[in-house]
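Only one structure is covered here, and it is reproduced in the block below.
Along the sequence shown, residues are numbered consecutively beginning with 1. Whatever order the structure lists them in is the order used to number ligands and atoms, beginning at 1. As a basis for the values below, the full set of heavy atoms in this structure was taken, side chains included, without hydrogen atoms, waters or symmetry mates.
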Amino acid sequence: MLLFLFPLLLPVFSPASAWIPVEDWESGNVTASLGESGQCLCHVYLPETTFPSDRVQHMQEVSKDLILEVDIQIKKIEGYEGKLEVYLKDLADLTLRVAMLESSADNYIKLDFEMLRIELRQFEALVSQLKDSLNSSSPMFDSLYTEIRNMTLIVDQLEIYDKSNLQLIRFEFAKLQKKLEECQQEQDYIKPDIGNCNHTGILSISKPVVIQLNHHLSAGYHYGGWGKDSKPLRGHESMYFYGGYSSPLVYDFYMYDNYDKLLLRSYFKHYHIPNGWLGVGNNYIIHRNSIYYQINSPFSMSKINLTGSTTAYRVIPKASQKFSYSYSENQNLDFAADETGLWVMYASDESKGRIVLAKIDEKSFGIEDEMSTGVYKQLAGNAFMACGVMYVTRSVDVSTEEIFYAYDTKTKQEKHLSILFPKFQEKYSNLDYNPSDQKLYMYNNGYYVSYNVRFNKE
Ligand SMILES: *[C@@H]1O[C@H](CO)[C@@H](O)[C@H](O)[C@H]1NC(C)=O
Ligand SMILES: *[C@@H]1O[C@H](CO)[C@@H](O)[C@H](O)[C@H]1NC(C)=O
Ligand SMILES: *[C@@H]1O[C@H](CO)[C@@H](O)[C@H](O)[C@H]1NC(C)=O
Ligand SMILES: *[C@@H]1O[C@H](CO)[C@@H](O)[C@H](O)[C@H]1NC(C)=O
Ligand SMILES: *[C@@H]1O[C@H](CO)[C@@H](O)[C@H](O)[C@H]1NC(C)=O
């Protein structure tokens, strides 16, 4: 439901290294020379006028006035019953103002404004939705309200923007986005009952929470995955991981201490898969600080224990490299972890391309049980496990996905169902349920997307 995009990396402004659009370079002054060790040095002198100090001063004055103005407005409005109506209208104004801004903005931040507008529209939709369900006495509401006020301020400042402002706006949006997500979680979905499988399966999937474009800020990194360890070691409960690539090859991962660090792209570890162990397919998971993923030489399931830095592989003799999911190549082995343990899904010649579901014994890293299912792998978008049930998805249209099939490993029963859920982008390469927070994580054509899962408790 929320969008947050970082399409461009903008360095923090400093006069000697200011980022300026390519077309402005002629107004600077470039010289080249040879350095002491023969390296080529490039000197760029920028005209003083690049940094609009007069505008910044003006902006600061205006923003002071705005803060005052907003304070007054907040005080006024606080007394009113119809708080929500008021700020809904403010948001509508905001959207208009941003639309106006966009027409005058430099091309290079056009995309930012586009995303800003989308975000504001979605934000408005969320607020309408909250309006129905929210009790105005909720403290969450008040802090959200302040946050919206703050965002309004920032977007106002944008009217006299200077390029270095964008960084600030992004930080503010990151904070707001997080708050909204918490709010949404509280309002839309009953607190998950972690580990409890006393239900009859998935009832519905929430709207997508689109967190942001990947760590590389590259829309070309279509292939990848992100999420959390499905059984984190103590002290690593809030860790997130990300791997993103421009092809189905899997060669590195980034690890983040927590969600904020993921948003800020501030990793504590950039792990390179050792030579000879390169992966493919992006249907990996992390479980107890070990990565489970597919390798192609030899074609097998592979495991890297990040704690002990050890590697291991196991060939599944029947598994075939012929069958992949519909959105991406090389997805022959799909790993999953749920409340009941570790799983791998594949198709074989023997199964005539239908998915075979295998339970992995964690200790020996071997296959302990196998079940044939009735669903053709190539028709599926992806598959995941939750509470011992395999759920398989397929595309309905460019913005809708459907869970259309379920296989219960306890009863060995399969059934067809239709649980629709929206996608942000058409294709995705990684979809997994995480039993530690009961969310679905999707790497949606370069974007981090997550969903809340609602189970049928009857
Ligand atoms: C380039 O910079 C030098 C040193 O700042 C200055 O003397 C010169 O006039 C500049 N040339 C142009 C074309 O701006
Ligand atoms: C909202 O709050 C009031 C009192 O604070 C309470 O009586 C009412 O039940 C609440 N409504 C909902 C839907 O939680
Ligand atoms: C909103 O902005 C004010 C002034 O900059 C700041 O003091 C306050 O902490 C901000 N509130 C939130 C919730 O971010
Ligand atoms: C499972 O849920 C049902 C209905 O909510 C309840 O009657 C039953 O006692 C629960 N069983 C367990 C083991 O919690
Ligand atoms: C990973 O290695 C550590 C240290 O050698 C070991 O204690 C742990 O059990 C291993 N984890 C898995 C999942 O194999």
Worksheet item: Taking only residues two or more places apart in sequence or in another chain, which ones pass side-chain contact (heavy atoms from CB on, under 4.5 Å) with K412?
Response: D369, M371, Y407

Practice prompt. Report the C-alpha separation of Y293 and I304 in whole Å, then their side-chain angles, then the decisive distance to 0.1 Å, and conclude whether the side chain to side chain contact (heavy atoms under 4.5 Å, CB included) test is met.
Written response: CA-CA 9 Å; Y293 68 110; I304 299 176; 3.5 Å; yes

Practice prompt. Scan residues 233-245 for pairs that pass side chain to side chain donor-acceptor pair (under 3.5 Å), counting only residues two or more places apart or in two chains.
Written response: H216-Y242

Discussion item. If you take the centroid of each ring, where Trp contributes its six-membered ring, are F335 and H287 closer together than 6.0 Å?
Written reply: no

Worksheet item: Are Y284 and F253 near enough that their ring centres are under 6.0 Å apart?
Response: yes

Measure and list all N/O to N/O distances between ligand 5 and the protein that fall under 3.5 angstrom.
from     : atom 1 : to   : atom 2 : distance (Å)
ligand 5 : 2 (O)  : N305 : OD1    : 3.4
ligand 5 : 2 (O)  : N305 : ND2    : 2.2
ligand 5 : 11 (N) : N305 : ND2    : 2.9
ligand 5 : 14 (O) : K303 : NZ     : 3.0
ligand 5 : 14 (O) : N305 : ND2    : 3.4

Discussion item. Filter on side chain to side chain donor-acceptor pair (under 3.5 Å), then keep only pairs touching residues 328-338, sequence neighbours left out; what's left?
Written reply: Y223-E329, Q294-N332, Y325-D334, D338-T340, D338-W343

